[in-house]
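Presented below is the structure to which this report refers.
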Amino acid sequence: DRTLVEVLNGTARQGLARVGARVLRGEGIDVVFLGNADSLLDSTQVIARRGSLEAARSVAKVLGAVKVRSQTDTLRRLEVTVIRGKDFKSPPGLHP
């Protein structure tokens with residue numbers, strides 16, 4: 001099964017969505033959209049949009065995120081939204 005994910009930057013730092021997408025794609029997760037969040041966040045959030053929380057938990061594990069929640073949005077054609085917060089640390093060798 002493919003998990004479709006969007007990654008949004010919830011910080012003032014440029015490029016965090018792109019780095020998050022590279023990390024996820026490196027683990028075989030299908031990132032279909034990158035963009036900016038509507039607000040700034042202190043901590044990264046992973047949101048289940050459709051289906052169970054299991055897909056969101058798998059994505060969170062890859063990113064080292066602890067905040068996973070469900071907020072159903074059937075208009076989005078994806079399973080998981082990731083919003084990068086100020087707590088995100090780029091892995092060695094991956095810089096925004």
Practice problem: Specify the closest pair of heavy atoms between A17 and G35, including all atoms of both residues, with the distance to one decimal. | Solution: CB-O, 3.8 Å
Practice problem: Establish, from distance only, whether the side-chain atoms of E6 and T81 form a donor-acceptor pair under 3.5 Å. | Solution: yes
Quiz item: Between L78 and V5, is any pair of side-chain heavy atoms under 4.5 Å apart?
Solution: no
Side-chain donor-acceptor pairs under 3.5 Å in residues 61-71, sequence neighbours left out?
| unit_1 | atom_1 | unit_2 | atom_2 | d |
| --- | --- | --- | --- | --- |
| K67 | NZ | S43 | OG | 3.3 |
| R69 | NE | Q45 | OE1 | 3.0 |
| R69 | NH1 | Q71 | OE1 | 2.6 |
| R69 | NH2 | Q45 | OE1 | 2.9 |

Quiz item: How many angstroms lie between CD1 in I47 and OG1 in T72, if you round to the nearest 0.5 Å?
Solution: 11.0 Å
Quiz item: Is there a side-chain contact (heavy atoms from CB on, under 4.5 Å) between R76 and T74 once you walk through the steps?
Solution: CA-CA 5 Å; R76 293 176 193 251; T74 57; over 6 Å; no
Practice problem: State the CG-OG1 distance between D87 and T11, to the nearest 0.5 angstrom. | Solution: 10.0 Å
Quiz item: Is the shortest heavy-atom distance from the side chain of V59 to the side chain of I29 under 4.5 Å?
Solution: yes
Practice problem: Would you give the length of the straight line joining atom CZ of R18 to atom CG of N9, rounded to the nearest 0.5 angstrom? | Solution: 9.5 Å
Quiz item: After noting the C-alpha distance and the side-chain angles of R13 and K86, does the key distance pass the side-chain contact (heavy atoms from CB on, under 4.5 Å) rule?
Solution: CA-CA 8 Å; R13 273 183 66 206; K86 292 180 198 171; over 6 Å; no
Exercise. Would you give the length of the straight line joining atom CD of E79 to atom OG1 of T3, rounded to the nearest 0.5 angstrom?
Key: 6.0 Å
Quiz item: Mind checking whether L24 and L34 sit in one hydrophobic cluster, side chains of I, L, V, M, F, W, Y counted as touching below 4.5 Å?
Solution: yes
Quiz item: In Å, rounded to the nearest 0.5 Å, how long is the span from CG of L16 to OG1 of T44?
Solution: 8.0 Å
Quiz prompt | Least distance between heavy atoms, L8 atom then A37 atom | solution = CB-N, 3.9 Å
Exercise. Sorted by first residue and then second, give each side-chain hydrogen bond (donor to acceptor under 3.5 Å, both in side chains) pair with at least one member in residues 30-41; sequence neighbours left out.
Key: R2-D30
Self-check item: Euclidean distance, L4 CG relative to F33 CZ, rounded to 0.5 Å
Solution: 14.0 Å
Quiz item: Do V80 and V7 share a hydrophobic cluster, counting only Ile, Leu, Val, Met, Phe, Trp and Tyr and linking them when any side-chain heavy atoms are less than 4.5 Å apart?
Solution: yes
